[in-house]
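None of these values were measured; they are calculated from a predicted model.
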Amino acid sequence: EAEGNLGLALYRDGRNDEAEGFLRRAVARDPARADLRQSLGAVLVDRGELVEGAVLLRGAVRDRPDNAAGWAMLASIAGLAVDEAVLAWRRALVLDPTEAGLWLAAGKTFKKAERLADAAAALFRSLTLDPRQPEALGDLGEVRRLQGRALEAAALQKRAIELDREDTA
């Protein structure tokens, strides 16, 4: 128990190299703890060990389907099948609909999957929750350009540049 808790604390502090050993040992002792498997999965994904990390994250969300953070971690794995990523984002957003960053990340995934209407809706929702996001404005502008809405795209891109300048000034 203590080893698992230490691994979780190290992971939360961003000390992934140290956390990995503790988490591996804790998961070996108590494989039923979804929180340990989720954290170890995230550590492994961060280190580029995508297959093992994805396996752990899939198991964690299977056992704790109400965990928005787990779904978001799974959805954000580079190289994950697009349909699986879209499904994982949808689950995360249902569970935590007030987190602007989740909506932004989901919008990026939807855009990559060429689901432009879904991308636009997610990015718009992100901006509704936090209107001062140059990245979300820029991404929404790109989606609108891909949808053939050039004037709206240009206005969104212009606003993104203005906000970015304000934030760096």
May I ask whether [X] and [Y] are part of the same hydrophobic cluster, defined by side-chain heavy atoms of I, L, V, M, F, W, Y residues being less than 4.5 angstrom apart, directly or through others?
X	Y	result
V43	V61	yes
M73	V27	yes
I77	Y11	yes
L156	L104	yes
F110	F124	no

Compare all side-chain heavy atoms of [X] with those of [Y] and state whether any distance is below 4.5 angstrom.
X	Y	value
L56	E49	no
L8	N5	yes
R145	Q157	no
E114	V82	no

If you round to the nearest 0.5 Å, how far is [atom2] of [Y] from [atom1] of [X]?
X	Y	atom1	atom2	result
L74	W89	CG	CH2	10.0 Å
D130	T98	CG	OG1	12.0 Å
N16	L23	CG	CG	9.0 Å
L140	Q133	CG	CD	11.0 Å
I161	D164	CD1	CG	8.5 Å
L137	L127	CG	CG	4.5 Å

Minimum heavy-atom separation for [X] to [Y], with atom names?
X	Y	value
G138	A160	N-CB, 3.7 Å
P131	L163	O-CD1, 3.6 Å
P97	L129	O-CD1, 3.6 Å
A92	A72	CB-N, 3.8 Å
A153	G141	CB-O, 3.2 Å

For residues 33-41, which side-chain donor-acceptor pairs fall under 3.5 Å, sequence neighbours excluded?
{"unit_1": "R33", "atom_1": "NE", "unit_2": "D35", "atom_2": "OD1", "d": "3.1"}
{"unit_1": "R33", "atom_1": "NH2", "unit_2": "D35", "atom_2": "OD2", "d": "2.8"}
{"unit_1": "R37", "atom_1": "NE", "unit_2": "P31", "atom_2": "O", "d": "2.8"}
{"unit_1": "R37", "atom_1": "NH1", "unit_2": "G59", "atom_2": "O", "d": "3.4"}
{"unit_1": "R37", "atom_1": "NH1", "unit_2": "D63", "atom_2": "OD2", "d": "3.3"}
{"unit_1": "R37", "atom_1": "NH2", "unit_2": "D63", "atom_2": "OD2", "d": "2.5"}
{"unit_1": "Q38", "atom_1": "OE1", "unit_2": "N67", "atom_2": "ND2", "d": "2.4"}
{"unit_1": "S39", "atom_1": "OG", "unit_2": "D35", "atom_2": "O", "d": "3.2"}

By side chain to side chain contact (heavy atoms under 4.5 Å, CB included) - contacts of V143 (at least two apart):
K111, L116, A119, A120, L123, Q147
Between E162 and R159, does at least one N-O distance fall below 4.0 Å, as a salt bridge requires?
yes
Salt bridge (Lys or Arg N to Asp or Glu O under 4.0 Å) pairs, two or more places apart, involving residues 86-109:
R90-D118, K108-E135, K108-D139
